[in-house]
Amino acid sequence: MPNRKFADGEVVMGRWPGSVLYYEVQVTHYDDVSHLYTVKYKDGTELALKESDIRSQSSFKHRKSQSSSSSPSRKSRSRSRSPGRPAKGRRRSSSQSREHKDDKKKTVQETNLALPKPSENNTRRYNGEPDSTEKNDTSCIISEQKLKPDLETERVLEQYSLRPRKEEKKKEEIYSEKKVFETKPLEKASSKTKDLEFGGRIGTFVLIFFLPATVFYLLLKCKQDDPSLLNFHPPLPALESLWEARVFGIFLLWFFLQALFYLLPIGKVVEGLPLSNGRKLQYRINGFYAFILTAAAIGILLYFQFELHYLYDHFMQFAVSAAAFSMILSIYLYIRSLKAPEEELAPGGNSGYFIYDFFTGHELNPRIGSFDLKYFCELRPGLIGWVVINLAMLLAEMKIHNQSMPSLSMILVNSFQLLYVVDALWNEATVLTTMDITHDGFGFMLAFGDLVWVPFVYSLQAYYLVGHPNAISWPVAAAITVLNCIGYYIFRSANSQKNNFRRNPSDPKLAHLKFIPTATGKGLLVTGWWGFVRHPNYLGDIIMALAWSLPCGFNNILPYFYVIYFICLLVHREARDEHHCKQKYGLAWERYCQRVPYRIFPYVY
Ligand code: NDP
C-alpha cells in the first residue's frame, strides 16, 4: 500500500466535514481510485475523508499539549459540541476580538487540536444532539466565521420545537448555515460501493432475467380466461408474434415526443441536492405541462378517430418493445459510465462488478448536455404512458363489451391512478430528493422499472378488467373511494410535511412540529406524520394500492399482484433507507427509532 498513510482498523483523528473539528475515528477502507478513506465515527456514522483531513492520534496529542501550554486558560474554556453543527459564538470585548483576530489562524489550528477526544467526554457529542450542559468555547472561532452566538444558544435550548413566526428570519440564517454541512458528507458518493444490495452479483444477474419474465408472465396470465394460480401455465405465444417493427416505431415516437416536451423551455428550473463535489445540477420542472400537452395530443388523435385500443390489441408487443429499448438504453448507460469521472458515479452502483453496476446503475446523473436521462425517465414516458394505457384499456372495454359507458370498476381504477400520476407530476420537484435521484445510478433497474415495469405492471388492474369485468355497486364504489382518499391524504400530507420541512424548517405552518437535530444539520421530525410511523408516506401509498385492486373483485389474486409486490418493495426500500439514515445520522437516528418504533404499519411493523 505505497499510497496510503493510514491502515484499515487504525484509530486516527478525522476532521468532521465542513467544520474545523477533529474526532476519533477508525479507518475501515481505503479507495485506491478516489484516494478517500472511509472512516467510522463513534456513533456509527461513516464518511469518506481525504488524507489531508486525517491525522494520527500521536500528532494530535502532541499538539494538544503544546496548545494547552501556550494558552493555559483555553482548556478551562473548552466546551464539547456535536461535530456537524455550527458552533456557537461567544461574545467578546472589542480588545478580545482584536486579539483573537490577530491570532485567528493559529487559534483555529490550536483549538482544533485542543479539543478533548470524544472518548474523554460524553459520547452524546457524536449524535449531533445538542447538550445544554456542554462546555467548550472552541466554537467561538467558527462563530466568527458564520453564526451569531445567540442563535445557536437558542437553537440548543429549543432543540425540539420549531420557532414562532417572529424568529423565522433568524432561523433561516441557521439553516442556510446548515447547507454547508449537508454538502460535505456526500463525499462518500465517490467511494466504492461495499454493501451490495439485491443479493449482490448473483441476485442482480438473476433479476435482469426475472423482472422481464415476471412482466410477461403477468400479461399472459391476464389474457387467460381463468387466470387463477392453479391454472399456472399460460399458453405461450409464438416468438415472432411478440415483435412488430411498427409497434417499436410507435414506442420510439412516444419516447422522443416526451423528450421533446421535456426540452421545451417552459416551467421553472430548480436545483437538485448538492453532489459529492458540492455542485448542484439544474432541472426543468415541466412534467405537468408535458402531461397537458400529451392529453391534448391524445384528444386530437381520438377526435380524428384514431383507435387507441390498438394499444390493448398489441399490448404484449409494446411491452417487448419497451423492454428491448430499456435494455439498449442500459447498455448505452453502462458504456458511457466507464468514461465518467469517479465523482460522478453512483454511491450505490460503484462496486467494480460489471453485472452489479450494470443493474443498479454506474453513473449517478447521466446527461447529454443538459438533458438528464434519469430524471426524464423517472416521471415522463413511463408514468404518463401508464395513464394513456389505462385510457386505452377503458376504450377497449367499451368496444369489446359493446358498452356506451365504461364500467364503474374501470372508472375507479382510471381515476385513482390518474390522480396518483397527476400528483406526482404536479409535485415533480420532490423527486429530486428521493433515493432514485440522489443515491441510485441510472442502470437497468431504473431504466426497466421506469419504462416497462411502471407502465405495464401498474396498469394491470385496468388490463385485467377488460377481460374480466367486475360489476360493483355504488355503495361499494363509494367505500373504495373513501379508502383511496384516506390513503391519498396520508400519502400527500406526509410527503408534503417532510418536503416543506426539508425546504424551509422554519416554515410557520410547521411551528407545531418537533424534531431531533442531527450531526448533519438536518432535523428528524418526531411529531406529526413522521412521529406516527417512520414511513407514513409508504403507509398511504399501500392503502391506495389496495384501493386500486378492490374494484377488480375477489375472484382472482392477479389484480392484487400490485399491492403484494408494492408492500414487498416498500418494506425493502424502507430497510435500504433505514441503513442509509443510520449511516447519515448515527445515534440521532437510533433515538428517532426509539421515539417512533413502528416503520410503516402502526402497532404491526
Ligand atoms: P421518502 O420520501 O420516504 O424519504 C426518505 C427520506 O426522508 C430519508 O432518507 C430521510 O432523508 C428523510 N427522513 C426520514 N425520516 C425523517 C424524519 N423523521 N423527518 C424528516 N426527514 C426524514 O423516500 P422515498 O423516495 O422512498 O419515497 C418517496 C415517495 O415515493 C413515497 O411516498 C413512496 O411511497 C413513493 N414511492 C412510490 C413508488 C412507486 O412505485 N409507486 C416507488 C418508491 C417510492 P433526508 O434526511 O436525507 O432528507
Side-chain angles (χ1 to χ4, degrees), residues 84 128 160 162 178-179 181-183 185-186 273-274 347 378-379 382-383 386 416-417 419-421 423-424 427-440 445-446 449-450 452-455 457-459 487-503 505 510 513-545 548 562-563 565-586 588-596 598-600:
Y160 291 134
L162 295 176
K178 280 179 186 178
K179 285 177 191 157
F181 291 86
E182 286 168 21
T183 63
L186 294 176
L273 292 181
E378 275 284 295
L379 292 184
L383 208 67
W386 172 17
F416 294 164
Q417 298 185 349
L419 171 71
Y420 191 74
V421 170
D423 176 273
N427 297 289
E428 188 182 8
T430 61
V431 80
L432 298 177
T433 57
T434 62
M435 224 192 287
D436 290 2
I437 298 292
T438 60
H439 180 267
D440 295 336
M445 177 175 75
L446 284 182
D450 293 340
V452 186
W453 191 270
V454 168
V457 174
Y458 287 18
S459 58
Y488 178 73
Y489 175 72
I490 299 174
F491 163 84
R492 175 55 25 231
S493 43
N495 275 325
S496 298
Q497 206 167 68
K498 178 172 67 81
N499 291 331
N500 292 341
F501 179 66
R502 280 284 172 262
R503 212 174 314 128
L510 305 174
L513 296 179
K514 295 182 174 179
F515 68 96
I516 299 177
T518 74
T520 64
K522 293 199 241 176
L524 291 170
L525 291 166
V526 285
T527 58
W529 282 116
W530 296 81
F532 180 53
V533 285
R534 299 212 287 267
H535 269 99
N537 49 354
Y538 290 2
L539 176 67
D541 224 337
I542 289 169
I543 293 173
M544 279 192 286
W548 300 351
Y562 175 72
V563 64
Y565 140 80
F566 202 50
I567 291 173
C568 299
L569 173 91
L570 291 184
V571 165
H572 180 246
R573 199 172 167 96
E574 196 280 334
R576 291 180 74 204
D577 191 48
E578 165 109 16
H579 180 69
H580 298 146
C581 286
K582 175 85 183 69
Q583 282 186 336
K584 264 188 287 185
Y585 302 127
W589 181 257
E590 279 177 16
R591 184 149 185 211
Y592 171 61
C593 295
Q594 279 165 7
R595 289 274 304 256
V596 186
Y598 293 101
R599 295 161 192 263
I600 301 176

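Keep in mind that the numbers below use all heavy atoms, side chains included, and drop hydrogens, waters and symmetry copies. In each ligand, atom 1 is the first atom listed, and ligand 1 is the first ligand listed.
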For Phe491, what residues pass the ring pair (Phe, Tyr, Trp, His ring centres under 6.0 Å) criterion, not counting sequence neighbours?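 Here the qualifying residues are Tyr420.
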
When the aromatic ring centroids of Trp548 and Phe566 are compared, is their separation below 6.0 Å?
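No - the distance between ring centres of Trp548 and Phe566 does not fall below the 6.0 Å cut-off.
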
- Item | Test: Asp541 and Arg573 ion pair at under 4.0 Å |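 No, no charged N to carboxylate O under 4.0 Å.
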
_Whether Arg599 and Asp577 form a salt bridge (side-chain N of Lys/Arg under 4.0 Å from carboxylate O of Asp/Glu) is what I want to check._
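No, this pair does not count.
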
Verify, without hydrogens or angle tests, whether Trp530 (side chain) and Pro536 (backbone) share a donor-acceptor contact under 3.5 angstrom.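 Judged by distance alone, no pair lies under 3.5 Å.
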
Q) Is any side-chain heavy atom of Val526 closer than 4.5 Å to a side-chain heavy atom of Tyr592? A)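 Val526 vs Tyr592: side chains touch.
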
Margin query: So if I only count non-hydrogen atoms and take anything under 4.0 Å from ligand 1, which residues does that give, chain by chain?
Written below: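 Tyr420, Thr434, Met435, Tyr458, Phe491, Asn495, Lys498, Arg502, Lys522, Gly523, Leu524, Leu525, Trp530, His535, Asn537, Tyr538, Asp541, Tyr562, Phe566, Leu569, Arg573, Asp577, Cys581, Lys584, Tyr585, Trp589, Tyr592.
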
